[in-house]
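Just below is one structure, and these are the notes that go with it.
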Amino acid sequence: MTDWIEVAHLDDIPRQGARVVKTAAGEIAVFRTVDDEVFALRDRCPHKGGPLSQGIVHGKKVACPLHDWKINLDSGLAVAPDVGCAARFPVRVVEGRVSLSLTTETTSTDR
Amino acid sequence: MSRMKLVLVGNGMAGMRTLEELLKAAPDMYEITVFGDEPHPNYNRIMLSPVLAGEQTVEQIVLNSRDWYAEHGITLHTGKRVVKIDRKHRFVEADDGTRQSYDRLLLATGSKSFILPVPGADLPGVIGFRDIADVDAMIAASGQYRHAVVIGGGLLGLEAANGLKLRGMEVSVVHIAPWLLERQMDEPASRLLQNSLEDRGLKFLLRKQTAELVRGESGRVCALTFKDGEQIPADLVVMAVGIRPNTQLAESAGLQCNRGILVNDTMQTYDPRIYAVGECASHRGIAYGLVAPLFEQAKVCANHLALHGVARYQGSMTSTKLKVTGIDLFSAGNFMGGEGHEEIVLQDAGRGSYKKLVLKDNKLAGAVLFGDTLDGAWYFELMRDATDVSDFRDKLLFGRHHVGDSGAGGGLGDELSRVMALPDTAEICGCNGVCKGDIIKAVRDKKLFTLDEVRAHTKASGSCGSCTGLVETILAATAGGDYSTAPSKKPLCNCTEHTHDEIRAAIVEQGLKTLPETMRALDWKTPDGCTKCRPALNYYLLCAWPTEYVDDAQSRYINERAHGNIQKDGSFSVVPRMWGGLTNPKELRAIADVAEKFNVPEVKLTGGQRIDLFGIKKEDLPAVWKDLSDAGFVSGHAYGKALRTVKTCVGSQWCRFGTQDSTGLGVKLEEMTWGSWMPHKFKLAVSGCPRNCAEATIKDFGIVCVDSGYELHVGGNGGIKVRVTDLLCRVETEAQVLEYCAAYTQLYREEAHYLERTAPWVERVGLSHIKAKVVEDAANRVALAERFLLSQKPAQVDPWKERTAGELKREFMPLNVIPA
Ligand code: SRM
Ligand SMILES: Cc1cc2nc3c(=O)[nH]c(=O)nc-3n(C[C@H](O)[C@H](O)[C@H](O)COP(=O)(O)OP(=O)(O)OC[C@H]3O[C@@H](n4cnc5c(N)ncnc54)[C@H](O)[C@@H]3O)c2cc1C
Ligand code: SF4
Ligand code: FES
């Protein structure tokens, strides 16, 4: 069973943007796409740890602010040819309220 | 759900490239079957020349191994020639009877060597130069026979001749024209080439027409007779007199052909289910015979096969290089000149070098280079971009290095020719630490063909770009030939087909006022753009509608969104403005207080005459700014594509040589220009006399004070590639300096491409263009300056102050904190 923790209202996150949730286990970036889809990833780029929350969100991707790797929001995987993965966290939006679970989902990196 | 069936006929470079692009775009859409009549998997045909020359092996030039087809679930039929297309029942049939049905059919049958219809052309020992079988036949002959004759002195013929010579044969090249490569070169360059090939032992028979190939006792060819009756021995005859597109199959299926299978801009034939790409296709009357344009076609075709339906192929410009190791030759465009053309020629027979540039209407129309071809790519760019070269015409011939080159690094001339001699461990890209060996490995393993692909995979030359030339050289030497793609125009990014200029014009002409509106009006291919186009569009809209446009923070790079420079650990730096580099004890005290209060880890004087506070956490930024703002500081925009600093020297206030008040003028200039968003960063400087202590002649706009007034300098850069400014003009008063500065800045803001600094912009549009708009046309200057000042009204609001409280502060605060 998933433990949902309510973290914000959807409007608190800018469209095509992200905000950060601080947890004891590190920072989590919560993204909102142009179509109001919400995703959550560990706020660390698989390249050199750049804060993904600070990148430009386009489509279902975010571009890391440090060296411009593109990370898929739905899988956490870096867009080829780059290889790497940022941990995903389950998120859901119910009546505009965004909730997060702190159990990470893993995505296999070998494709 | 059953997948659609795609059949590819022609297992060669263009067809397979299309499949690779298709797999990237829509990996699971089709069940794919490939027919190829050669017994091999897809290989790099252009590397047959190095294979013949013994520089590479057949194994090294395989592009898609059989395993690759298996891994991607593609059924591969090698050694099977498709002989029939049944369009009604939608299947193809091969010569062994294999049938395969299709929903979409892709024809990429390439071409075959044209064999002169002379008596004896069908004798054993007479071949073309097209595939591995031909190369095998040549290598076998070289072990057994002595005399080789190559008919045709074009690129292929010369590469064949060179290879056969290296394999130990006596080689004669027969050519009907008065000089070699007459379609790529003019006579003087061709003579130099001929000399250097003769030095290698090749023989040339020019203006000679073949009448007959003579059968020897063994049944094999033994000699060649010319129309004039002369005869030469020939145990091997290689015909390299041209190629003919393989269209029989398409024709027999009733598809329209005319020297190629006719296709439209989406690479579709007359049957909408059938596409054609590569040498077999005729697009707008042209069947291309080089790889670069074919790869562009492949991209477009894949886009349509993937049902994205947005790309169009609009033709290509091509250039040629000869792949004979040790001989450098480049040609492009109209190199013969003619009515209305002018020529610039440099000929140095001693050094064996020749350069000819053909100009028309102050633009480069064609180029032939022999000996020193380093600048080929640059000339090609100038041709494609139709750059007006009048301002550097005197230096054009000497190459990019002499013109200032603010683009990709010059100054590497000697290194470039040595690059292939470098060890694999030599660092090529200093920004990303990429070595030569890494690049070669990536090119080989990942089958990279273009500079963009090398950038994507290795990051080499992806940052500051100064090693671009080196990377291109390594790429060309590893992948063979010259693959630099040259679309007839260069779109802003992959989300659109429009160029920067087209987009800027459309925004103004169609009155487009928001990002989504612009993307819709200009048929953007992606729902909300990418990291390249969004910041550019945001700037273009801001520049076009300064008083109306609402800035889109989410389309700004983090530094501009957060108004600080992001650091490698995710913290930020803060640089407050110090007008003209002046400060005082009160300001210094305020900075010291902030540094102490927020435990700022490092305080540093910048190269721009001000103070940088490093390592500030994002959530502390608003508080830091509040303190600075209370002390009277505003943001220094050290993070933005914006006005950065105005560097000044002491000037007439104190300096014994000062001619004018350079410090005071600098402050005025900074007060006028601060806050302005630009295509790229913009720096000013004012020096009090020609000793130029403020380094004004490497700034975007620099002023050197002289006794009689002010010299205005433009287009300087002190960064990656140093470029000294051009003198714009001299003026007499401070008021004039301010007006000219405002006008020039606005012209740059309105005309430059996003991320193009003034140095490359000045080189692209030409100093005379800028003089015409800013110096010679007083009314235009005033209008430009007024538009600049108008745009400054809403721009000169301190972004820091705005964010110390209220809605905008949100960006800096965590969304939530979940305690342990
Ligand atoms: C802080 C400073 C170095 C210093 O400690 O002195 C600096 C720091 C950076 N420079 Fe610079 N440059 C600094 C003066 C310069 C100068 C000297 C000058 O302005 O007189 C130059 C050469 C002059 C010029 O621009 O023509 C300079 C040429 C560059 C370039 C190359 C620009 C070019 O067109 O070639 C880059 C890369 C770029 O902009 O793409 C760059 C980029 C950078 C970036 C923004 C790199 C980045 O993207 O993170 C650095 C940000 C560090 C930070 O977090 O603050 N920096 N940089 C200087 C800030 C000046 C200021 O007060 O605003
Ligand atoms: C020696 C040599 C050197 C070259 N050097 C350069 C260079 O330096 N730079 C450059 O840009 N270009 C160069 N080229 C040209 C370049 O190789 C071609 O433009 C390119 O390979 C064409 O690709 P394609 O897919 O259209 O045709 P191909 O690569 O020829 O592929 C077509 C394939 O289809 C097969 N086929 C044809 N009909 C059928 C059928 N009915 N059924 C099944 N299979 C069929 C053919 O056998 C062939 O394998 C060179 C060519 C040669 C021969
Ligand atoms: S401050 Fe400038 S020169 Fe120094 S490392 Fe950063 S970008 Fe390079
Ligand atoms: S840290 Fe993200 S791209 Fe380098």
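Note: hydrogens, waters and symmetry copies are ignored here, and every other heavy atom, side chains too, is used.
Only the backbone of A:V57 comes within contact range of chain B, with at least one heavy atom under 4.5 Å from a heavy atom of that chain. Looking at A:K61, neither its backbone nor its side chain comes within 4.5 Å of chain B, counting heavy atoms on both sides. Using a 4.5 Å cut-off between heavy atoms, B:R556 touches chain A through its backbone atoms (N, CA, C, O) alone. Contact annotation for A:D68: only side-chain heavy atoms (C-beta onward) come within less than 4.5 Å of a heavy atom of chain B. Only the side chain of A:P51 comes within less than 4.5 Å of a heavy atom in chain B; its backbone stays farther off. Heavy atoms closer than 4.5 Å to chain B are found nowhere in A:I28, neither backbone nor side chain.
Ranked by heavy-atom pairs under 4.5 Å with chain A, the first of B:A553, B:G570, B:P814, B:P516 is B:P814. When the candidates B:K618, B:K24, B:Q567, B:K568 are compared by the number of heavy-atom contacts under 4.5 Å with chain A, B:K618 comes out ahead. Of the listed residues (A:A63, A:P65, A:G49, A:G59), the greatest number of heavy-atom pairs within a distance under 4.5 Å of chain B belongs to A:P65.
Around atom NZ of B:K525, more than 12 heavy atoms belonging to other residues, nucleotides or ligands sit under 6.0 Å away. Atom NZ of B:K513 has more than 12 neighbouring heavy atoms from other residues, nucleotides or ligands inside a 6.0 Å radius. Taking a 6.0 Å sphere around CG of B:D569, one finds it holds more than 12 heavy atoms contributed by other residues, nucleotides or ligands.
With A:Q16 contributing its side chain and B:Q554 its backbone, the two residues share no donor-acceptor pair below 3.5 Å. Within the 3.5 Å criterion, the main-chain N or O of A:H58 finds no donor-acceptor partner in the side chain of B:D528. Of the possible donor and acceptor atoms, none in the side chain of B:R810 sits under 3.5 Å from a partner among the backbone N and O of A:I13.
In this structure, the side chains of A:V21 and B:L815 come closer than 4.5 Å at one or more pairs of heavy atoms. Annotation: side chain of B:I566 is in contact with side chain of A:Q54 (closest heavy-atom distance under 4.5 Å). With contacts defined as side-chain heavy-atom distances shorter than 4.5 Å, the pair A:H67/B:K459 does not qualify. Between A:R19 and B:M813, some side-chain heavy-atom pair lies under the 4.5 Å cut-off.
When each of A:L100, A:V7, A:I5 is paired with B:N816, the side chain to side chain contact (heavy atoms under 4.5 Å, CB included) condition holds for A:V7 and for no other. Among B:H457, B:K446, B:E453, the single residue meeting the side chain to side chain contact (heavy atoms under 4.5 Å, CB included) criterion with A:P81 is B:H457.
Note: B:I558 CD1 to A:S53 OG = 7.5 Å, rounded to the nearest 0.5 Å.
B:W625 pairs by the ring pair (Phe, Tyr, Trp, His ring centres under 6.0 Å) definition with B:W800, B:F812, not counting sequence neighbours.
The minimum heavy-atom distance linking A:I56 with B:P535 is given by the pair CD1-CG, 4.0 Å.
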